[in-house]
Amino acid sequence: MRSSRDFEHVYAQKLKGADGVLLLFLAKNSVDVTRIGLSVSKKHGGAVERNRLKRWLREAFRMERHAFPGGLDLIAIPLAAGRASLPAFRQSLVGLVRRLSRRLNQAPPEPLS
RNA sequence: GGAGUGGGCUGGGCGAUCGCGGUGAGGCUGACUUGUUCAGCCUUGCGGAGGAAAGUCCGGGCUUCACAGGACGCGGUGGUGGGUAACGCCCACCGUUCGCAAGAACCGGGACAGUGCCACAGAAAGUAAACCGCCGAUCGUUGCGUGCGCCCGCAAGGGAAAGCUGCAACGAGGUAAGGGUGAAACGGUGCGGUAAGAGCGCACCAGCGGGCCGGGUGACCGGUUCGGCUCGGCAAACCCCACCGGAAGCAAGACCAAGCAGGGCGAAGUUCGUGAUACUGGAAACAGGAUCACGGCGCGAGGCGGUCCGUCUCGUCACUCGUCCGGGUAGGUUGCUUGAGCCGACGAGCAAUCGUCGGCCUAGAGAAAUGGUCGCCCACGACAGAACCCGGCUUACAGGUCCACUCCGCAU
RNA sequence: CGCGGGGUGGAGCAGCCCGGUAGCUCGCGAGGCUCAUAACCUCGAGGUCGUAGGUUCAAAUCCUGCCCCCGCCA
């Protein structure tokens, strides 16, 4: 995701979940493709450190996206810098998407705004 | 061989494969304004972070701002010469300090233009003075004394204090050698000199200033002579001197699209000039007032980052301008990488650097591209990620490697 | 990206311009007052002045580098 409007939309749905590794927001979007947005704060370190976290997250999304349902927008925010690694991100991403998409389907259809 | 000084280069490598952002070619699909068009997808080729990309501390380019003038103010720099687009940077040299040396460090102009500060202690913290002390030659007062003189006496001797001399005390006065304080105290040593002393005089030494001679573009250096003998520190205190500085910054700026709601406050004109238009009077020349445009003067607002002068722009009665509050947008294109560029050779120069010739094109994103897996090698990989672009400075950093030089030891 | 402001006892702030003594309020500790607590009174402890250098006889204060925090600009 690239536009600020998409990010605002996902945050506004307030459908979020976390384990010790990631904080994930999730929402339905208007296109069929499942997309991801990243947000890494300055407390994780300098530019090199933050770039590494974003690359790991993008790689984890690339490897697991075939298993995700279509038409979703995700925002991934890493939490504990000490536990960050590519396998941890993969595992955490799969688990959180499964949990949140189940909640999305149980929830009543969102009112047209 | 050991110890050390100064500087340069480098910043894991090779390969396979799946991906990421850029770009070129080919193909497919769609759109319309049909073409060297735009958008999406597929295939394929090419290239894809740093020496500091960092901190944002200086200097420029570039862009915009109603061309930027003068005086004052404000800020910066500070040995000399050179380099440069420019600099607070670099090079060479000078001076001071440190080091046996190679070398290193230095915000390194001015304290006889002025003002100010120097706590505590100390007599005194700055051009003069004098607390303890020393002296008391000279002048004065007092005391002692009896050498001269004076008085008594023939004499031995005795007496007195008006004079001279001697001694002592005090005062006027002289002095800055010594004392002690302090971060810092008015040159040091010796001899002479004196009442005591003192650059008061002399010799040597240290320092300051002036003249002259020589060397150097210059900072400055060397020599010589004279002077008064000798005038503390702080300008990273105010300041003085010399030189420099318009401001803001790619979130600058340009274009396109989309979207919104207005409101408050303020504004001085004119008996002025020129031109045009129609009207009135007149046969005409022309005259009269009216409206409009431009200009002048005045007024208002704004710019020239502060003030004044000066100057420029806009407005001047209103569908205008200025200012304040409020409201809307957060999309796209461009700026965007060919540049004080990089590499090599030759030449000028001690060097920084410059010139000529030849070759090369080397990231361009925008929620922001370098990662995953596997194999091999070794010293097992530090600090760290472009965001308009350059030149520096500063700071961080595992290692590897090269060059020049110094000192010590041994051998020849 | 650009530009401002600030780091002083446990907390919030003075002192810095113009250099020599680090001060105020709250809090903390001890004692007093009270039957007891609070309030009140008396006394006391507690500060590498963010950090590293420099200027100076002397630096929280002046100058330079670095670190951290806060704020503003589309």
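Letters A, B, ... mirror the listed sequences (proteins, then strands); counts begin at 1. These numbers come from a predicted model, not from an experiment. What's counted below: heavy atoms across the whole structure, side chains too, no hydrogens, waters or symmetry copies.
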For [N], which nucleotide is its Watson-Crick or G-U wobble mate, given both distances must be under 3.5 Å?
| N | answer |
| --- | --- |
| C:rG19 | none |
| B:rC231 | none |
| B:rA348 | B:rU353 |
| B:rU338 | none |
| B:rG187 | B:rC205 |
| B:rC74 | B:rG245 |
| B:rC383 | B:rG50 |
| C:rG65 | C:rU51 |

Please give, in whole Å, the distance from [N] [atom2] to [X] [atom1]?
| X | N | atom1 | atom2 | value |
| --- | --- | --- | --- | --- |
| A:L57 | B:rG372 | CG | C1' | 14 Å |
| A:M1 | B:rG331 | CE | C1' | 18 Å |
| A:E49 | B:rG371 | CD | P | 13 Å |
| A:F61 | B:rA367 | CZ | C1' | 14 Å |

Could you tell me how far [M] sits from [N] if I compare only their [atom1] atoms? Round to whole Å.
| N | M | atom1 | answer |
| --- | --- | --- | --- |
| B:rC380 | B:rG51 | C1' | 23 Å |
| B:rG339 | B:rC28 | P | 39 Å |
| B:rC91 | B:rA104 | P | 10 Å |
| B:rG78 | B:rC98 | C1' | 25 Å |
| B:rG122 | B:rG180 | P | 14 Å |
| B:rA267 | B:rC297 | P | 24 Å |
| B:rG61 | B:rA86 | P | 10 Å |
| B:rU230 | B:rA198 | P | 16 Å |

Syn or anti for [N] (syn when the glycosidic angle lies within 90° of 0):
| N | result |
| --- | --- |
| B:rC319 | syn |
| B:rU189 | anti |
| B:rA404 | anti |
| B:rA384 | anti |
| B:rG266 | anti |

Exercise. Could you walk me through whether A:V10 and A:M1 pass the side-chain contact (heavy atoms from CB on, under 4.5 Å) check?
Worked result: CA-CA 10 Å; A:V10 175; A:M1 286 190 292; 4.3 Å; yes

Exercise. According to the interplanar angle, ranging from 0 to 90°, do the rings of A:F61 and A:F68 count as parallel (below 30°), tilted (30 to 60°) or perpendicular (above 60°)?
Worked result: tilted

Exercise. Under 5.5 Å between ring centres and under 30° between planes: true for A:F7 and the base of B:rA367?
Worked result: yes

For this session: Kindly check if the number of other-residue, nucleotide or ligand heavy atoms within 6.0 Å of CD (A:Q91) is above 12?
Result: no

Exercise. Do the side chain of A:D19 and the main chain of A:L22 share a donor and acceptor less than 3.5 angstrom apart?
Worked result: yes

Problem set entry | Heavy-atom donor-acceptor pair, A:R55 side-chain to B:rG19 base, under 3.5 Å | no

Exercise. Hey, which of these two, A:E59 or A:R52, hits RNA chain B nearer its 5' end, going by closest nucleotide?
Worked result: A:E59

Exercise. Considering heavy-atom distances to RNA chain B, does A:G37 or A:L86 have its closest nucleotide positioned more toward the 5' end?
Worked result: A:G37

Exercise. Phosphate oxygens OP1/OP2 of B:rA369: is one of them under 4.0 Å from a side-chain N or O of A:R58?
Worked result: yes

Exercise. Can you find a side chain N or O atom of A:W56 that sits less than 4.0 Å from OP1 or OP2 on B:rG371?
Worked result: no

For this session: Would you check if A:E49 and A:V40 make a side-chain contact, meaning some heavy-atom pair closer than 4.5 Å?
Result: no

Exercise. Quick one: does A:L57's side chain get under 4.5 Å of A:I36's, heavy atoms only?
Worked result: no

For this session: Give the C-alpha distance, both sets of side-chain angles, the deciding distance and a yes or no for side-chain contact (heavy atoms from CB on, under 4.5 Å) between A:F25 and A:D73.
Result: CA-CA 8 Å; A:F25 284 81; A:D73 276 352; over 6 Å; no

Exercise. From the list B:rA384, B:rG371, B:rA49, which nucleotide is the closest neighbour of the side chain of A:R62?
Worked result: B:rG371

